[in-house]
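One structure below.
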Amino acid sequence: MKNLRRKTLAAASAMTLGAGLAVTGGLAPAAAAGPDTSYLVLAPQGANTSKAAARVAAAKGTVVASYDQIGVLVVRSTNPAFATQVAGAGVESVASTAGLGTALDEGETVEVAAADVAAATGDPTTEPLYNLQWDMDMIHLPQAHAVNNGSPDVVVGVLDSGISSSHPDLATQIAKDKSTSCIGGVTDTTEAAWNPTTSDHGTHVAGTIAAAVNGVGVTGIAPGVKVAAVKVVNDDGYIFPEAAVCGFVWAAEHGMQLTNNSYYIDPWELNCRNDARQRPVWQAVQRAIRYSQSKGVLNVASAGNSNYDLAHKITDTGSPNNGTPENRENLTNACLDLPAEAPGVVTVSAVGPTGEKSYYSSYGQGVVDVTAPGGDTRYRTQGVRSTSSDAILSTTFNTTTRTNGWGYKQGTSMSGPHATGVAALALSAHPGMKPGQLASFLERTAVAQACPAGVYNPVPLISSTDPHLYDATCSGGARNSFYGAGMVDAYNVVR
Ligand SMILES: [Ca+2]
Ligand SMILES: [Ca+2]
């Protein structure tokens with residue numbers, strides 16, 4: 001049995017699962033009230049939600065958000081028997097999302113000292129900190145910007161932990177009228193609601209996509225486009241399925257052509273295969289992803305930081321010792337890692353400064369579509385120490401001091417936005433491409449990367465008690481499990 005526990009890059013915030021569900025007020029106390037719990041109630045696909053909404057009311061639930069487009073209601077109820085009482089005509093399935101939040105695999109931020117930012121001169125033709133952006137040379141950004149640096153008609157939804165709207169490198173880049181919080185599955189468009197609170201992850205991601213060319217800090221890949229903050233990560237660092245549903249539907253309804261999803265909802269980690277309760281939850285998220293695609297949104301997702309072979313996960317867990325026959329179709333539909341494994345989503349692995357797979361990056365033939373720089377802090381120092389300069393420099397927001405700045409992070413959370421930024425440039429240069437066309441254009445213009453021979457083992461380069469912790473074997477030819485179709489290329493998509 002494959003070990004499915006995630007190897008995180010850094011300790012995630014140690015809050016209990018479900019902590020994000022604590023809410024106050026709203027419902028009248030019932031005789032035998034249980035905890036206030038969130039549910040997703042699914043109407044049959046294609047049906048409207050009016051019958052389901054009536055059953056919710058009868059079962060003492062409150063609809064807090066109605067996603068009629070996909071037949072999904074977000075409901076809160078203190079009725080301990082809600083799930084059984086709501087079942088009936090007009091309700092296909094119901095599930096509590098309690099405990100189904102997954103932690104943002106955040107990693108640490110290494111900030112650039114303010115004095116160093118002030119002293120930076122960089123390349124005078126670009127930005128003060130540009131000479132630290134090795135990742136941008138790797139994808140041929142200077143050549144691309146000489147042709148096209150993005151159109152303001154392109155709006156990229158950053159489904160993440162919010163974007164700092166006071167950041168000097170981002171303030172002009174945000175489509176405020178298209179930004180929202182989706183925490184709890186309910187939209188809140190006030191500016192404070194979609195600004196960062198406990199995490200600067202989304203601010204870093206947004207900078208990679210679209211930090212301004214303004215003589216300050218860094219450049220993003222597509223500084224001419226707009227980013228919209230769609231906050232789906234709660235203050236405890238968790239993404240709940242109802243927030244993801246809200247985020248995809250929001251992007252679809254607000255004219256976004258792209259979303260970036262640098263997070264990873266992994267039902268396997270939560271034993272989806274043994275828990276039928278979880279299946280409606282993943283169905284709801286998948287309906288939302290499909291709906292966004294039908295509205296012209298291309299979704300880009302990170303492959304994850306677990307060094308998993310995502311293509312062989314299901315096979316590996318189908319142990320012959322398990323006597324319970326599994327319905328493979330249900331498994332593959334219900335237990336995908338979302339959004340990375342959903343059909344039509346562009347999934348991105350990560351490489352370090354040498355172009356080889358980052359030690360942490362998950363991979364998988366048929367799952368990874370392209371690769372991009374995500375950093376590998378352990379690469380150059382041969383296990384002596386981490387080197388933040390081999391991570392990705394972008395915009396930051398210090399949640400303790402509440403100050404904006406610039407700093408380094410690494411992860412597939414950082415490679416994903418490189419692919420998203422290149423896709424935004426592609427759409428700027430070639431408007432009107434549909435999501436499927438844009439995805440194949442991104443792949444066609446990527447620079448193929450060959451598999452390393454044999455077992456790829458970056459461990460000699462890092463300190464570890466387990467010399468095979470990061471072993472991985474690449475499979476495939478020009479298109480392979482580590483790099484998909486290859487490295488995204490900013491110049492190739494605009495020339
Ligand atoms: Ca700048
Ligand atoms: Ca894909």
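Atom set for the values below is all heavy atoms of this structure, side chains included, hydrogens, waters and symmetry mates excluded. Both counts, for ligands and for their atoms, begin at 1 and track the order of listing. In this text, all values refer to a predicted model and were calculated from it rather than measured experimentally.
The Ca ion (ligand 1) has an N, O or S atom of Val218 inside 3.0 Å of it. Look at Ala212 and the Ca ion (ligand 1): an N/O/S atom of the residue is under 3.0 Å from the metal. The Ca ion (ligand 1) has an N, O or S atom of Asn214 under 3.0 Å away, backbone or side chain. At a cut-off of 3.0 Å, Gly215 is not counted among the residues with an N, O or S atom near the Ca ion (ligand 1). Backbone or side-chain N, O or S atoms of Pro343 do not reach the Ca ion (ligand 2) at under 3.0 Å.
Contact check on Glu191 versus Lys176 returns a salt bridge, with a Lys/Arg side-chain nitrogen under 4.0 Å from an Asp/Glu carboxylate oxygen.
In terms of distance to the Ca ion (ligand 1), the nearest N, O or S atom of Glu127 is named OE2. Among the heteroatoms counted here (N, O or S) of Asp169, OD1 is the one nearest to the Ca ion (ligand 1). Closest to the Ca ion (ligand 2) among the N, O or S atoms of Asp369 is OD2.
Side-chain atoms of Asn307 and Ser362 form no donor-acceptor pair, as typed in the model, at a separation below 3.5 Å. Under 3.5 Å, the side chains of Asp489 and Thr445 contain no donor-acceptor pair of N or O atoms. Side-chain N/O atoms of Thr396 and Asn398 include no donor and acceptor closer than 3.5 Å.
Under the 6.0 Å cut-off for aromatic ring centres, Phe441 and His430 qualify, their centroids lying closer than that. Aromatic ring centres of His167 and Trp406: separated by under 6.0 Å.
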